[in-house]
Amino acid sequence: MTESAARSSTKALIAASLPRRYRAEQRFRLYGRAAILLAISALGLLLFSVGAQGFSAFSIFRFDLPLHLDTKRIDPNNTGDPKVIAKAPYRALIQQALSDAFPDVRSRRDKRALFGLSTGLNVVELRKRVIKNPALIGTDIRFTAPISDDIDLYLKGKITPRRFITGKGDLVIQQPNPKIITLAAAPESLDFLIAHIRQSRLQQAAKLEVQAQKLRDGLKASNGQVAAAQKQKIEQLEHKAKTIRNAAKGQTLGLNKNDPSILLGFHGGIAKAIRVSAGTISVKPLVRPTSLETTQNWQALILDLPERARRITDQQAAWAEMLVDHGYAKRRFNSIFFTHADSREPELAGIAGAMVGSILTLLATMLAAVPIGILAAIYLEEFAKKNRLTDFIEVNINNLAAVPSIIFGLLGLAVFLNTFHMPRSAPLVGGLVLALMTLPVIIIASRAAIKAVPPSIREAALGIGASKTQTVFDHVLPLAAPGILTGTIIGLARALGETAPLLMIGMVAFIADIPKSLTSPSTAMPVQIYLWASSAERSWEARTAAAIIILLLLMIVLNLTAVFLRHKLERRW
Amino acid sequence: MITLLPFAMLALTGFMLLAWFQGRGKAVSCADGHTSILHSLPGYSGAYLAIWSVLPAFLLLAAYGLFGDLLLGLQMQQKLPPDILALAPEKIELFLRNAHALAFGGTASETSPALTAMAQTYASHARYNQIAVMGLALVLSVGGFFFARRRISKTFRARNHVEAVIFALLVVCSAIAVLTTLGIVLSLLTESLRFFSQINALDFIFGLKWSPQTALRADQVGQSGSFGAVPLFAGTFLITLIAMIVAAPVGLFSAIYLSEYAKPSTRRTVKPILEILAGVPTVVYGFFALLTVGPFIRQAAEAVGLGAQTQSALSAGLVMGIMIIPFVSSLSDDVINAVPQALRDGSYAMGATQAETVRNVVFPAALPGIMGALLLAVSRAIGETMIVVMAAGQSANLTANPLEPVTTVTVQIVTLLTGDQEFDSAKTLSAFALGLALFVITLGLNIISLRVVRKYRERYD
Amino acid sequence: MASITLKPDTNGADATSETHKVRARDVNVFYGAKQALFDVNLDISDRSVTSFIGPSGCGKSTFLRCINRMNDTIDICRVEGDIRLDGKDIYARDVDPVILRASVGMVFQKPNPFPKSIYDNVAYGPRIHGLAANAEELDHIVETSLQRAGLWAEVADRLDEPGTGLSGGQQQRLVIARAIAVRPEVILMDEPCSALDPIATAKIEELIDDLRNNYCIIMVTHSMAQAARVSQHTAFFHLGKLVEAGPTGQIFTNPCDSRTQDYITGRFG
């Protein structure tokens with residue numbers, strides 16, 4: 001009887017424990033799901049952030065300006081001599097084209113800023129084009145060089161969002177003073193602008209106050225002299241905040257460099273607002289309007305980032321807007337990115353050089369690692385006797401597969417460069433280093449593939465009198481080929497993405513030419529990505545991400561090939 | 001200077017084809033067309049002749065390609081004018097380097113009549129060497145051809161000879177893996193020894209300050225830089241720790257879920273996705289850390305009132321953790337799958353829930369293998385370069401604050417060896433000492449973990 | 001009571017009035033599209049040993065695994081029909097496999113102690129089910145379970161050593177102790193001696209006979225001699241069907257079905 005009592009009390013205990021245990025079960029399952037979700041969303045975030053940043057680099061704003069190749073300035077005596085043509089003042093011709101587009105730019109300072117829209121390196125391209133085709137001299141051509149990278153970023157809305165607001169009602173020119181034009185408009189049409197500036201100022205003030213508060217909190221902890229200096233700083237901040245708050249209150253708002261910029265567009269010109277009040281707005285023309293008649297056709301452009309905090313001035317922004325309005329600049333597919341090597345100017349930089357470098361490097365890797373790897377695998381799997389030495393080689397290969405890649409770079413530096421004096425920055429050396437790194441991967445994959453060939457095949461071949469070598473090369477190897485191929489491609493794909501060893505052997509240099517041979521200085525795609533990612537300028541970011549997209553696509557293609565081959569050629573015994 | 005080499009190689013290839021046809025033809029004619037009476041197929045005779053005609057010459061040319069420069073350098077040291085010989089060793093080296101540059105179209109840092117003369121000697125010797133080697137190669141080639149041709153006959157065992165060569169080739173190829181390890185050890189050791197002849201090894205291992213600036217002028221005292229590697233190891237450790245804090249639980253739980261809970265169809269889709277994470281190049285992770293994670297951490301830290309920079313141990317560690325997740329998960333997945341089903345059945349038969357079975361039976365049973373997997377992951381994290389180069393910073397901070405930038409062993413190796421470098425300076429050599437330390441640590445971890453995993457496999461096989 | 005009876009049918013199985021512990025009606029089991037069991041109807045008595053015999057692949061293990069719903073852990077397995085434990089349908093919705101498996105213990109073909117200490121192996125069930133309020137109680141459960149499994153004398157001084165370090169027979173008794181620790185009513189044994197040597201086998205058989213006084217024991221065995229030695233009831237399975245069941249003496253001396261006859265006389269199997 002005690003037994004059955006014990007059993008029923010056991011059952012009761014178990015039943016009582018169940019809710020807790022099932023909650024634990026649910027929790028455990030949840031942890032598993034969360035872990036997988038976390039890993040997948042990390043991948044998603046990574047791909048998304050690269051994609052979102054890189055997408056814009058595949059298009060670029062390019063000039064589309066009429067440019068007259070004046071015979072008098074290029075080749076006045078009609079010699080047709082390339083040397084004469086090469087010496088012509090192309091810079092001046094480009095500048096002339098820009099000046100023609102903006103005839104009202106007079107002062108030297110403004111002109112220099114205007115000419116800055118086109119990088120100096122565009123001269124080289126134009127010269128090449130004319131030398132190649134002297135028949136162009138004396139004709140009008142379209143100047144289609146890429147626009148300066150900052151302007152490109154601005155036009156893509158990457159510097160600050162461009163917010164266009166269509167004007168309501170009449171815009172009446174009251175004082176056509178050449179420096180400052182005073183305009184009248186229906187009060188309600190300007191209300192939005194005024195409210196916007198007020199809000200921005202209040203935010204500015206709030207930020208300063210938070211800063212001051214933080215310092216004040218810190219002050220409580222410290223004491224003495226430090227405190228005195230800090231106190232002064234806090235007071236300054238608070239005073240500044242107060243001033244800004246006051247400035248947000250007035251009926252008439254004078255705009256300064258800390259305010260968002262407001263550009264008014266009317267009559268084919270652009271002017272920058274400097275004072276707004278209900279009903280009137282004073283503006284400074286940046287691009288002269290063609291007429292001063294009253295118009296209903298006007299709009300405001302709000303650039304929230306203050307002029308002081310951004311890389312392009314309101315003047316440059318105005319020119320950029322005009323270029324696009326007049327069709328002098330167009331958003332096009334960024335072919336330069338795919339045809340050029342690296343450049344100091346982001347708008348002229350491309351990945352063609354790095355891509356060719358990567359291909360050459362991978363070629364060297366393949367030529368070195370594939371035969372050696374396969375032959376080594378054949379030896380270890382088919383010929384080697386099971387002894388200490390073979391064991392040692394095997395342990396060696398397994399360990400080599402886990403040695404950090406940078407160590408292979410050090411090996412390359414010490415052996416290939418410093419001992420054998422091979423050329424620095426050469427795809428040949430890079431390829432050899434990567435080959436040493438890839439070798440264990442290929443050997444391991446090839447051994448697995450060879451091992452998977454059933455012994456009956458070998459026995460059959462040996463049975464009809466083939467030698468061991470004939471058996472292996474004529475019968476085993478062809479059957480193991482798909483597996484070997486798959487493993488090799490995966491190994492090569494990994495080598496394609498490897499960066500650190502290449503840094504060690506000098507493939508990290510700035511190289512503006514597409515490499516032509518296995519020994520010419522070059523870089524590789526991952527290294528190019530590293531170089532660009534380390535550049536400070538904003539416009540490199542998108543290009544880096546775009547290069548990553550292309551690298552990832554290449555790797556995906558390689559891996560898909562491997563998967564496809566595995567499915568297509570796989571044989572099951 | 002090795003300009004003629006490609007042509008020589010091309011000529012050798014042509015000669016090889018010729019020899020093959022010759023050998024084959026001779027074998028066929030020996031047998032009067034009845035090839036079945038030959039010991040070996042005619043193709044083997046062709047291959048035999050081709051090998052003899054080309055291989056010795058090829059080996060000679062390859063050796064010259066690799067060591068020709070070294071040989072020339074040695075010859076030149078004999079030809080140095082006496083006034084140069086009297087100079088300090090580094091001056092002699094500079095002189096030779098300049099002469100080399102002048103002779104072969106490089107850029108020399110200075111010119112002098114002595115240099116010009118030396119350059120001429122250099123060039124003429126190079127020419128002489130090249131002609132001599134080419135001649136020797138020709139002799140070897142032709143000699144080998146006739147020697148081998150004479151031996152081809154009806155009973156000649158061409159196949160055995162060819163197979164012996166193939167066998168030798170196989171052995172050489174397998175030896176390359178060993179040679180690579182040897183090369184790594186030797187090159188790291190020799191350079192490190194040179195470093196330790198200048199810097200005390202104890203200062204390197206236990207020193208707390210890392211600022212590898214070396215003296216610009218010889219007379220600058222106290223400017224020898226400090227090579228205390230502790231901050232680098234501390235930084236490496238900190239980042240590895242953060243990475244493992246991310247990767248170990250996420251990777252393990254993923255593996256457990258995939259192997260114990262997930263439907264086969266889920267497994268089929270999720271596993272390849274995780275493998276994509278492993279295939280993404282590390283430079284891409286570096287970019288992600290630098291431009292997405294770093295700024296996010298800085299803003300988040302500032303929002304809660306903490307100072308932080310874009311480059312920090314945390315951002316590098318987090319991203320490295322993400323990179324290592326698939327590594328941990330796929331290795332643990334293998335390990336967990338190797339736990340015999342009988343143990344699970346035993347637990348279920350006791351009325352344990354799935355989670356209890358995993359926690360109390362499967363996990364402890366798999367623990368040695370999982371430890372091995374985690375050790376491999378740690379070794380991977382320690383040796384990872386690009387993420388930390390881009391996201392961790394360069395300043396050798398000795399700190400445990402993950403929001404501060406730290407530097408690691410790999411970052412310093414890259415920094416030391418990618419700028420302008422003077423050879424033989426302690427600064428450059430210290431990179432090899434760091435490399436040696438890195439190699440020893442990762443090798444130790446790998447050996448331990450590979451052994452643990454192997455032992456574990458054997459237990460349940 | 002500890003002696004092995006060679007004629008078990010005189011030893012208690014004749015009590016026809018005793019209640020049936022397990023009742024199976026029209027049990028069909030499918031692995032995917034393949035049917036493994038066909039319309040099995042069987043009553044199993046409490047406090048006795050019932051053997052399932054039959055050639056390999058006949059479905060006896062499959063049927064055994066239905067009784068504690070171990071087949072639930074196999075995704076493609078589907079069980080139809082009605083199996084009752086003490087009159088309660090074990091496949092009913094409100095039955096929790098956790099509670100069921102606690103009261104229907106199982107011992108497997110190959111001893112499968114967990115890679116833990118001997119103590120932790122036995123304490124495993126009580127711990128997960130929360131059966132012991134404190135350490136003393138747990139110690140007590142472990143001790144009595146090991147005693148009942150006849151292992152206490154051999155391991156009392158090395159409870160901290162890993163269970164995997166014991167000999168095969170000891171491991172199997174450890175697994176039985178582990179099952180006993182959660183106070184089951186039924187113990188299923190899937191060829192418990194097939195991996196053991198004759199001496200270890202004898203010990204296990206002795207133990208089984210001993211345990212019969214407190215538990216309903218259902219055992220799959222390959223050895224007809226073992227079935228004859230240990231069990232009071234025997235069921236013969238063939239090709240997924242239950243051919244014949246009854247008191248062991250009757251099955252071995254006077255089977256009704258010719259297939260049973262052929263099997264026990266060694267014509268096939």
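What you are looking at is a predicted structure, and each value in this text was computed from that prediction instead of being measured.
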Evaluate the side-chain proximity of [Y] to [X]: yes if any heavy-atom separation is below 4.5 Å, no if none is.
{"X": "I256(B)", "Y": "F28(A)", "value": "yes"}
{"X": "I276(B)", "Y": "L43(A)", "value": "yes"}
{"X": "F288(B)", "Y": "S49(A)", "value": "yes"}
{"X": "F253(B)", "Y": "I36(A)", "value": "no"}
{"X": "Q53(A)", "Y": "T292(B)", "value": "yes"}
{"X": "E163(B)", "Y": "Q470(A)", "value": "yes"}
{"X": "T180(B)", "Y": "F408(A)", "value": "yes"}
{"X": "I166(B)", "Y": "F473(A)", "value": "yes"}

Among the listed options [options], the residue most often paired with chain A at heavy-atom distances under 4.5 Å:
{"options": "L170(B), V270(B), L277(B)", "result": "L170(B)"}
{"options": "M390(B), R359(B), E260(B), E356(B)", "result": "E356(B)"}
{"options": "V178(B), I325(B), T442(B)", "result": "V178(B)"}
{"options": "L376(B), L436(B), T353(B)", "result": "T353(B)"}
{"options": "L290(B), V293(B), L291(B)", "result": "L291(B)"}

Over all atoms of both residues, closest heavy-atom pair of [X] and [Y]:
{"X": "L410(A)", "Y": "A431(B)", "result": "CD1-O, 4.3 Å"}
{"X": "S174(B)", "Y": "I393(A)", "result": "O-CG2, 4.1 Å"}
{"X": "I406(A)", "Y": "G383(B)", "result": "CG2-O, 4.5 Å"}
{"X": "S187(B)", "Y": "L411(A)", "result": "OG-CD1, 3.8 Å"}
{"X": "I407(A)", "Y": "G435(B)", "result": "CD1-O, 3.3 Å"}
{"X": "P281(B)", "Y": "M555(A)", "result": "CG-SD, 3.3 Å"}

> For Y257(B), is the NZ or CZ atom of R29(A) found under 6.0 angstrom from the centre of its six-membered ring and inside 45 degrees of the ring axis?
Replying inline: no
Answer with side chain, backbone, both or neither: which region of [X] has an atom nearer than 4.5 Å to a non-hydrogen atom of chain B?
{"X": "P526(A)", "result": "both"}
{"X": "A545(A)", "result": "both"}
{"X": "L400(A)", "result": "side chain"}
{"X": "V403(A)", "result": "both"}
{"X": "I490(A)", "result": "neither"}
{"X": "L38(A)", "result": "side chain"}
{"X": "R33(A)", "result": "both"}
{"X": "L552(A)", "result": "side chain"}

Counting heavy-atom pairs under 4.5 Å with chain B, which one of [options] comes out on top?
{"options": "I529(A), N398(A), N399(A)", "result": "N399(A)"}
{"options": "P440(A), S534(A), S405(A), P404(A)", "result": "P404(A)"}
{"options": "G497(A), A42(A), A35(A)", "result": "A35(A)"}
{"options": "L45(A), L380(A), I378(A)", "result": "L45(A)"}
{"options": "V415(A), V508(A), I40(A)", "result": "I40(A)"}
{"options": "G373(A), G412(A), S467(A), A547(A)", "result": "S467(A)"}

So which part of [X] gets closer than 4.5 Å to some heavy atom of chain A, the side chain, the backbone, both or neither?
{"X": "V162(B)", "answer": "neither"}
{"X": "A352(B)", "answer": "backbone"}
{"X": "Y261(B)", "answer": "side chain"}
{"X": "I447(B)", "answer": "both"}
{"X": "L188(B)", "answer": "side chain"}
{"X": "L450(B)", "answer": "side chain"}
{"X": "I184(B)", "answer": "both"}
{"X": "L169(B)", "answer": "side chain"}
{"X": "R380(B)", "answer": "neither"}
{"X": "T410(B)", "answer": "both"}

> Hey, mind stepping through E498(A) and V283(B) against side chain to side chain contact (heavy atoms under 4.5 Å, CB included) and telling me if it holds?
Replying inline: CA-CA 8 Å; E498(A) 197 54 66; V283(B) 70; over 6 Å; no
> Would a distance-only check, ignoring hydrogens and angles, find a side-chain to backbone donor-acceptor pair under 3.5 Å from N446(B) to A402(A)?
Replying inline: yes
> Do side-chain atoms of E25(A) reach the backbone of Q354(B) as a donor and acceptor pair under 3.5 angstrom?
Replying inline: yes
>> Y530(A) vs F287(B), test: ring-ring contact (aromatic ring centres under 6.0 Å, His included). Steps then yes/no.
In response: CA-CA 8 Å; Y530(A) 165 63; F287(B) 177 79; over 10 Å; no
>> Please report the interatomic distance OG1(T499(A)) to CD1(I387(B)), rounded to the nearest 0.5 Å.
In response: 10.5 Å
> From L531(A) CG over to T418(B) OG1, what is the distance, rounded to the nearest 0.5 angstrom?
Replying inline: 9.5 Å
Might you confirm whether atom [atom1] of [X] has over 12 heavy atoms from other residues, nucleotides or ligands at distances under 6.0 Å?
{"X": "K207(A)", "atom1": "NZ", "result": "no"}
{"X": "Y22(A)", "atom1": "OH", "result": "yes"}
{"X": "F510(A)", "atom1": "CZ", "result": "yes"}
{"X": "R159(B)", "atom1": "CZ", "result": "yes"}

> Are F420(A) and F67(B) near enough that their ring centres are under 6.0 Å apart?
Replying inline: yes
